[in-house]
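Structure record follows, encoded as structure tokens.
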Amino acid sequence: MVALASGLVTITLLLTLLAVGAVVFRLRRDGGRDTDTPATDGGFLRGTRVRTEKPLGVFRWLTTVDHKDIGVLYLLFGTVAALWGGTDGMMIRTELFTAGVDVWSAETYNALFTTHGFTMLFFFVTPVFTGFANYFLPILLDADDMAFPRINAIAFWLLPPAFFMVRAGLITEIMGKMLLAVGIRSELLFALEPPTTGWTLYTPLATQLTNPQVDILLLGLHLSGLATIMGAINIIVTVFTERGDEVSWSNLDIFTWTMLTTSGIIIFAFPILGSAVLMLLLDRNFGTVFFAVEGGGPILWQHLFWFFGHPEVYILVLPAFGLVSLILPKFSGRKLFGFKFVVYSTLAIGVLSFGVWAHHMFSTGIDPRLRASFMVVTLAIAIPSAVKTFNWMTTMWTGNVRLTAPMIFCVGGIGLFVIGGVTGIFLASIPVDLVLHDTYYVVGHFHFIVMGVIAFAGFAASYYWFPILTGRMYNQTLAQVQAYLSIVGVVVTFMPMLIIGQMGLPRRSAEYPAQFELLQQVATVGAFVLGLAAVLWVVNMVQSYRLGSIVTDPDPWNLKESGQFTREWQWFEKKIEDRTKTR
């Protein structure tokens with residue numbers, strides 16, 4: 001507790017110093033200048049000067065409440081988190097290249113898959129999709145900004161300290177070794193070790209570990225949950241109250257529908273996680289028995305965690321579905337087939353997602369009648385996902401398909417999602433799940449969805465909207481190479497996991513029988529192919545932002561030809577016209 005308190009005090013002092021410095025800087029910048037005279041209605045009196053330009057440099061990004069700037073901050077933060085979490089994944093696969101524990105220790109391996117899970121699920125996918133929503137939703141809704149610009153900014157700025165707290169064990173160890181190199185030893189920095197609980201934080205392990213970093217990890221998760229809830233409330237209120245006169249519920253775009261549904265799931269799911277995390281903190285530090293045998297028991301934690309955890313899967317995947325439904329028709333030369341049914345299936349997933357959590361617990365000995373009901377709902381939730389898949393296929397069927405990089409990612413993501421979805425159907429069957437539970441089959445199934453349609457939708461959106469985000473065009477040949485490499489990498493990495501899982505190999509172990517070594521090596525090679533593809537994407541993004549050709553045509557994808565020149569591109573066209581007039 002002393003280490004925890006010291007860490008929190010240090011973080012608080014740093015944030016306070018940052019805030020004081022920002023205020024002082026603002027006062028010095030504005031000192032001696034005429035200020036605007038406020039009117040009684042909260043506006044400004046006529047005849048007074050109103051400052052509308054943004055400050056320059058770093059201060060702009062620290063103080064901005066512009067939805068586009070905050071969207072960019074979310075995207076940059078999510079990218080950094082993805083690269084860090086992906087590095088964890090490469091380190092995991094490096095250890096698994098051989099059957100023995102050769103590269104990292106078993107404890108380091110446990111820490112790696114713990115931080116990999118937390119990083120990718122909480123700090124990569126959701127921030128990236130929230131970034132796209134922040135940037136484009138007000139434009140698609142013909143709104144000036146998000147409903148609560150300052151809350152929007154707060155929601156983002158809670159994420160970096162939350163990320164720091166979740167990964168503090170590794171960060172503080174590096175800082176301690178750097179200080180030790182110059183002769184300064186800090187016991188506090190070495191007291192925090194990377195957590196080895198697994199991302200599910202199952203009790204009693206999570207309550208018995210003495211590592212104080214677990215407490216800071218839990219507080220970081222709670223903080224990230226608060227940030228996510230703030231962002232979700234902002235999206236919901238924006239969609240309901242900030243739509244322009246020409247934007248009605250009948251012509252709302254599909255990405256907005258999916259973000260609205262996702263935000264609704266967040267409102268109901270994340271408070272459960274926050275409550276469970278606080279109870280776990282109390283069990284660890286104050287002797288309560290919420291998850292002790294004499295209290296609620298370890299099964300209570302599983303119920304609470306998965307009541308959040310499985311809706312979380314749809315919090316991740318629904319925005320990806322929305323992006324695929326938005327982008328795929330643009331390169332098929334026709335509008336999305338069955339638009340209303342795609343919307344209805346999205347809403348159905350939002351409701352059904354809260355009725356499937358116990359399929360993660362089929363092997364825990366819960367009442368067989370309860371297991372059967374969850375099996376039925378789990379099978380049922382596959383139907384709205386299948387509706388989307390067939391609508392996407394039908395959209396392409398009679399269309400004029402153009403295999404640009406965004407389209408390759410959309411098509412590849414659909415194919416990989418079909419594999420991930422079908423393998424999930426088998427896990428919904430109680431007898432099959434009892435055999436395959438906690439094997440590599442589950443890892444392969446889950447990653448075909450997470451690395452398939454979810455990550456691929458993010459890549460597709462980054463390429464599709466790159467001209468709007470940067471005003472430049474990327475290297476399209478390199479983008480296509482990266483797209484095909486990514487598809488190959490996902491199949492080569494995760495297909496062997498489905499096979500070794502069916503052969504019975506348990507997951508979450510750094511050591512395994514030698515008979516599985518060949519397939520593990522194939523999976524590791526595939527993982528490094530994925531790593532190469534990610535490097536190509538980063539190089540393409542950075543170099544194109546610096547040196548890419550400036551976009552002068554507001555319709556770089558020829559959307560006017562198929563009548564799909566949507567609001568964000570119309571906004572971009574106006575922006576280019578204004579830029580031309582200025583010149």
Side-chain angles (χ1 to χ4, degrees), residues 78-106 108-121 124-125 128 170 199 405 408-409 412-413 415-416 419-420 440-456 458-459 462-463 475 477-501 505 507-512 514 516-543:
T79 300
V80 171
L83 294 175
W84 198 347
T87 302
D88 290 338
M90 296 296 103
M91 295 172 71
I92 291 170
R93 292 311 315 173
T94 301
E95 174 57 56
L96 293 173
F97 193 78
T98 56
V101 183
D102 301 322
V103 183
W104 323 113
S105 67
T108 300
Y109 178 85
N110 291 342
L112 284 170
F113 76 70
T114 299
T115 53
H116 172 72
F118 283 129
T119 301
M120 301 305 264
L121 294 178
F124 159 45
V125 178
V128 165
L170 176 62
W199 80 275
I408 295 170
F409 271 116
L416 297 174
I419 298 174
Y440 268 92
Y441 184 92
V442 178
V443 181
H445 148 69
F446 181 67
H447 281 80
F448 262 110
I449 294 175
V450 173
M451 270 309 298
V453 70
I454 294 176
F456 278 28
F459 283 129
S462 69
Y463 285 129
N475 185 321
T477 301
L478 184 59
Q480 292 173 0
V481 170
Q482 187 249 330
Y484 287 121
L485 264 182
S486 299
I487 296 171
V488 172
V490 171
V491 174
V492 175
T493 303
F494 302 113
M495 189 63 75
M497 295 187 190
L498 296 175
I499 298 171
I500 61 179
L505 181 62
R507 57 178 173 168
R508 297 175 179 169
S509 177
E511 190 175 10
Y512 56 88
F516 298 102
E517 193 169 70
L518 177 60
L519 287 172
Q520 288 280 33
Q521 289 173 348
V522 171
T524 298
V525 170
F528 279 92
V529 171
L530 278 176
L532 174 62
V535 170
L536 292 179
W537 178 81
V538 171
V539 169
N540 201 355
M541 293 291 101
V542 173
Q543 285 297 96

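- Val101 places none of its side-chain heavy atoms less than 4.5 Å from the side chain of Tyr109.
- In this structure, the side chains of Val522 and Val492 come closer than 4.5 Å at one or more pairs of heavy atoms.
- Summarising the geometry, atom CG belonging to Asn540 is positioned 10.5 Å from atom CD belonging to Gln480; distances are rounded to the nearest 0.5 Å.
- The shortest distance between side-chain heavy atoms of Gln520 and Leu505 falls below 4.5 Å.
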Exercise. Begin with the C-alpha distance, continue with both residues' side-chain angles, and end with the deciding distance and a verdict on side chain to side chain donor-acceptor pair (under 3.5 Å) for Ser462 and Trp537.
Key: CA-CA 10 Å; Ser462 69; Trp537 178 81; 3.2 Å; yes
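- Here the CD-CD1 distance, from Glu517 to Ile500, works out to 11.5 Å after rounding to the nearest 0.5 Å.
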Run the side-chain donor-acceptor check on residues 527-536: report pairs under 3.5 Å with partners two or more places apart or on a different chain.
none

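- The stretch residues 86-101 participates, sequence neighbours left out, in these salt bridge (charged side-chain N to carboxylate O under 4.0 Å, His left out) pairs: Asp88-Arg167.
- Closest of all the heavy-atom pairs between Tyr512 and Leu96 is OH-O, 2.6 Å.
- Taken from CZ in Phe409 to CD1 in Ile487, the straight-line distance is 7.0 Å, to the nearest 0.5 Å.
- Closest heavy-atom contact between Arg508 and Trp199: NH2-NE1, 4.3 Å.
- Residues Val442 and Arg507 form a side-chain contact, since some pair of their non-hydrogen atoms from C-beta on lies under 4.5 Å apart.
- Here the shortest heavy-atom pairing between Met497 and Ala523 reads CE-CB, 4.5 Å.
- A distance of 5.5 Å separates CD1 in Ile92 from NE2 in His116, rounded to the nearest 0.5 Å.
- When all heavy atoms of Gly444 and Leu498 are compared, the pair lying nearest together is C-CD2, 3.9 Å.
- Looking at Phe97 and Val103, their side chains never come closer than 4.5 Å, going by heavy atoms from C-beta outward.
- Closest of all the heavy-atom pairs between Thr87 and Leu83 is OG1-O, 2.7 Å.
- In this structure, Pro496 and Thr493 approach most closely via the heavy-atom pair CD-O, 3.6 Å.
- Note that the CD1 atom of Ile499 and the CZ atom of Phe494 stand 14.0 Å from one another [nearest 0.5 Å].
- Between atom CD1 of residue Ile454 and atom NE2 of residue His447 there is a gap of 10.5 Å, rounded to the nearest 0.5 Å.
- You'll find the ring centres of Tyr463 and Phe459 outside the 6.0 Å limit.
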